[in-house]
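First up is the structure itself, then whatever we jot down about it.
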Amino acid sequence: MNAFKREKINDPEHAHILSGILKCPCCGKGMYGNIAKAHSKDKKTRYYYYCKNTLGATGHKCIFRTNIEQTEMNHMVAAIISAMVNNPQFAEAIKEKIGSTVDTTDMEKQIEGLQVQLRQALGTKTRLERQMDSLDITDKYYDRKILDLQRRYDEQYGRIEEIYSKRHK
């Protein structure tokens, strides 16, 4: 039986509160909580964070295979947060953020403008489809017309994609 069985734990005392927040020092991906079941030698269950990025975007495996002991890491992070909270500059910055209201008017106008652009691009695309469907294949300029309409049709896809990317930023 594998001593390092991965499983969820419902024990709040051993919750992996930093899962996904801690970053691997090697590949930069999130580190996640894990459990090493009690070993026959010391009968002690261990809780730790590890990098589960076995295959990176480059196709190379992450080489960081150190298991970081959970309790030790949680205490270190808690100490850092406590130090920050006790810093007067940090407290002032938080008060300022909490006290300020966010004006979303400009953002809402931008979204509305993008929705108008999207409707226009979709409408143009539909009109171009109708024009392509209604072209007379016997027209001596058919090939040139269909290429021109296809180019304009493809441009609409580009516009639509650009609008979607702006909406989801």
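Reckoned from all heavy atoms, side chains included, excluding hydrogens, waters and symmetry mates.
The environment of CD in E69 is crowded: more than 12 heavy-atom neighbours from other residues, nucleotides or ligands sit within 6.0 Å. For I137, the CD1 atom sits in a loose shell: 12 or fewer heavy atoms of surrounding residues, nucleotides or ligands are nearer than 6.0 Å.
N74 and Y47 share no donor-acceptor pair across their side chains, judged by distance under 3.5 Å alone.
Across every non-hydrogen atom of F64 and P25, the tightest pair is CE1-CG, 3.5 Å. Looking at every heavy atom in both residues, Y48 comes nearest to I35 through CE2-C, 3.9 Å.
With rounding to the nearest 0.5 angstrom, the CG atom of D154 is 11.0 Å from the NZ atom of K125. One distance of note links CD of Q117 with CD of Q120; it measures 7.0 Å at 0.5 Å rounding. To the nearest 0.5 Å, atom CD of residue E162 and atom CG of residue L118 are 12.0 Å apart. Atom CD1 of I81 is separated from atom CE of M76 by 12.0 Å, given to the nearest 0.5 angstrom. One finds the CD atom of Q131 at 5.5 Å from the CG atom of L149 (value rounded to the nearest 0.5 Å). The CE atom of M31 sits 5.5 Å away from the SG atom of C24 when rounded to the nearest 0.5 Å.
Linking Ile, Leu, Val, Met, Phe, Trp and Tyr residues whenever their side-chain heavy atoms come within less than 4.5 Å places L114 and L122 in a single cluster. One hydrophobic cluster, built from ILVMFWY side chains closer than 4.5 Å, holds both L22 and M84. Taking hydrophobic clusters as Ile, Leu, Val, Met, Phe, Trp and Tyr residues chained together by side-chain heavy-atom distances below 4.5 Å, I68 shares a cluster with V77.
Salt-bridge check for D133 with R130: failed, with every basic side-chain N at 4.0 Å or more from each acidic carboxylate O. The pair E155-R159 fails the salt-bridge criterion, with no side-chain N (NZ, NE, NH1 or NH2) lying under 4.0 Å from an Asp/Glu carboxylate O.
Each of I146, T124, L128 was checked for a side chain to side chain contact (heavy atoms under 4.5 Å, CB included) with Y153, and the lone residue meeting it is L128. With D148 as reference, R151 is the one residue of K145, Q150, R151, R144 to meet the side chain to side chain donor-acceptor pair (under 3.5 Å) rule.
Of the possible polar contacts, one joining the Y49 side chain to the L18 backbone as a donor-acceptor pair under 3.5 Å is found. Using modelled atom types, one side-chain atom of K23 and one backbone atom of G20 make a donor-acceptor pair closer than 3.5 Å.
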- Query: Which is it for C51 and C27 under the side chain to side chain contact (heavy atoms under 4.5 Å, CB included) test, yes or no, and what are the steps along the way?
  - Reply: CA-CA 9 Å; C51 178; C27 69; 3.7 Å; yes

